[in-house]
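Below: one structure, written as structure tokens.
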Protein chains: 2
Amino acid sequence: MAERTTVTMPDEAARRIAPPPSMARLAADAVRKMILTGELQPGDRVVENQLTHQLGVSRPPLREALRVLEQEGLLVQQPRRGVIVVPINLHDVYEIFTLRDQLERMAVELGVPVRSPDRLERCRAALRDLEDAARAGDAATVTDRAFDFHLAVVGLAGHRRLEESYRSLSLQMRLCMGMNQRARVAGEGLWGIVERHRAILATLERGNPQEVLEMLTDHGQHTFVLELGHSLSGRSAEAEAWLERLGRSRSDTALGLEAPRS
Amino acid sequence: MAERTTVTMPDEAARRIAPPPSMARLAADAVRKMILTGELQPGDRVVENQLTHQLGVSRPPLREALRVLEQEGLLVQQPRRGVIVVPINLHDVYEIFTLRDQLERMAVELGVPVRSPDRLERCRAALRDLEDAARAGDAATVTDRAFDFHLAVVGLAGHRRLEESYRSLSLQMRLCMGMNQRARVAGEGLWGIVERHRAILATLERGNPQEVLEMLTDHGQHTFVLELGHSLSGRSAEAEAWLERLGRSRSDTALGLEAPRS
DNA sequence: GCCTTGTCTTCTGTAGACAACGGTGAACTC
DNA sequence: GAGTTCACCGTTGTCTACAGAAGACAAGGC
């Protein structure tokens with residue numbers, strides 16, 4: 001009897017952790033990856049028949065997958081004309097970064113005072129993964145792991161809906177950053193990224209929410225500035241204006257950003 | 001020529017506002033309504049074949065609709081077992097109310113200082129609709145319009161993603177409140193609801209974000225307390241503890257709520 | 001009498017096919 | 001020569017049909 005349970009239990013556990021992968025879920029993961037890796041770029045048309053052949057799946061589950069990605073903010077539907085990868089303009093960048101920042105702040109306010117040991121351990125594990133990726137010199141993976149780290153930080157709050165919203169915005173943020181990734185990593189260096197996240201974790205361990213908030217705000221604005229620098233390249237006047245606003249707002253609230261005109 | 005444009009333009013405009021109603025979209029709207037009106041209650045199984053017959057639509061578009069509602073947080077999928085209406089426990093109520101409150105605060109901080117005239121007008125129109133519903137004595141519509149009003153307030157920020165997240169949470173909130181609606185309305189009275197929203201609009205017009213924030217926090221906690229009162233009915237000890245925490249946090253930050261144990 | 005096991009039904013997951021709409025290009029008319 | 005119209009093609013939106021799995025129920029064994 002004891003043997004039987006030891007045989008069946010892993011099966012049950014596996015099923016709970018990884019439910020039998022439906023084609024729709026696999027398709028969603030595959031297309032999401034194609035978008036985040038830049039294989040599909042913002043504005044690109046997504047033709048259902050092409051993807052069905054490419055992924056070896058029929059259209060109904062693929063369409064379900066597209067609806068999911070649409071809700072995640074990665075695709076937009078144009079009735080009778082199919083879906084395209086969401087085009088990102090300056091205002092979108094503004095929206096994504098401000099809302100993400102706000103959610104992160106809320107998570108810290110909720111999660112840091114509690115400092116649940118297992119959730120903190122998740123953060124530490126995420127940092128280790130980030131370091132491993134840096135050691136391997138894999139820029140793309142470093143970006144992925146950095147996002148995972150932030151997700152773990154948000155996870156401190158034990159707030160499922162908050163985490164889910166944050167995850168969705170992170171995906172869109174990666175979409176923004178996709179094209180500029182090489183330039184960004186080259187500019188900062190992999191270990192620069194690691195160092196900044198190490199500092200965040202150290203602050204977390206100390207458990208002072210205010211300190212964490214300041215650090216995260218700095219970190220977020222750093223990333224934001226980098227992103228703006230790329231998004232606005234060639235429009236230096238606008239870039240200047242934005243950076244000036246950021247400088248002003250840094251001493252203010254994290255929300256002290258005004259929406260761009262465009 | 002001028003005639004042609006005047007003929008086609010309304011068509012185009014209408015299409016932008018109400019895209020050609022695909023069966024999937026209609027199905028999503030119909031099922032959403034069934035959930036919010038309580039025809040489908042939390043925990044209820046949603047059987048695809050039943051709905052296809054009920055709605056006169058075939059399964060593929062219905063399944064697409066279910067994926068959308070799933071992303072909206074109204075349904076949860078149980079692999080190989082279909083979907084159920086999301087069950088709401090105490091922790092869910094906590095999550096929904098805290099996150100919604102935070103988003104609303106962010107919207108006010110962004111939107112009130114600007115006070116875009118057309119967006120303010122949208123708020124006024126929403127309040128008028130609310131008053132009309134109260135005049136008609138229609139409790140369900142009053143609830144709907146109250147939510148619309150809050151959505152209009154959030155719309156002040158001109159932040160699409162913020163508004164979308166807020167909308168999703170409002171749906172879930174309505175799911176929480178669905179069952180207790182009669183009791184709540186009876187307890188407060190339709191015009192009590194109207195009066196509180198009138199006060200919010202008046203504050204908005206004055207344009208002081210801090211004032212609006214205080215008012216909204218009070219309003220949100222009022223609703224929260226009502227909801228808790230119903231959710232916790234029969235468990236007065238827990239209810240007492242929660243209310244005490246609320247009392248303490250009111251003078252603190254709007255986020256001064258700790259997660260419930262369950 | 002209770003547990004186990006086998007079968008049966010029901011529902012989900014998926015595939016393939018049809019219909020309708022929109023876009024594009026060429027031909028025709030002015 | 002330019003504008004317009006029409007027809008074709010491609011794509012989406014939808015439906016019907018099939019395979020496979022999960023749960024329910026009944027019959028048999030312990």
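In what follows, chains carry the letters A, B, and so on, assigned in the order in which the sequence lines appear, proteins first and then strands, with residues in each chain numbered from 1.
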Answer yes or no: is there an ion pair linking A/Arg32 with A/Glu72, defined by an N-O contact shorter than 4.0 Å?
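A/Glu72 and A/Arg32: salt-bridged.
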
I'd like to know if A/Arg161 and A/Glu164 make a salt bridge, using a cut-off of under 4.0 Å between side-chain N and carboxylate O.
no

Nucleotide by nucleotide, nucleotides 11-17 of chain D touches protein heavy atoms under 4.0 Å in the pattern (B base, S sugar-phosphate only, - none) SBBBBB-

If a pair satisfies salt bridge (charged side-chain N to carboxylate O under 4.0 Å, His left out) and one of its residues is in residues 34-54 of chain A, list it, with sequence neighbours excluded.
A/Glu48-A/Arg59, A/Glu48-A/Arg63

Calculate, to the nearest 0.5 Å, the distance between atoms CG and OG belonging to B/Leu162 and A/Ser165 respectively.
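Rounded to the nearest 0.5 Å, the CG-OG separation comes to 10.5 Å.
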
First locate atom CG of B/Asp129, then atom CG of B/Asp144, and finally report the distance between them rounded to the nearest 0.5 Å.
11.0 Å

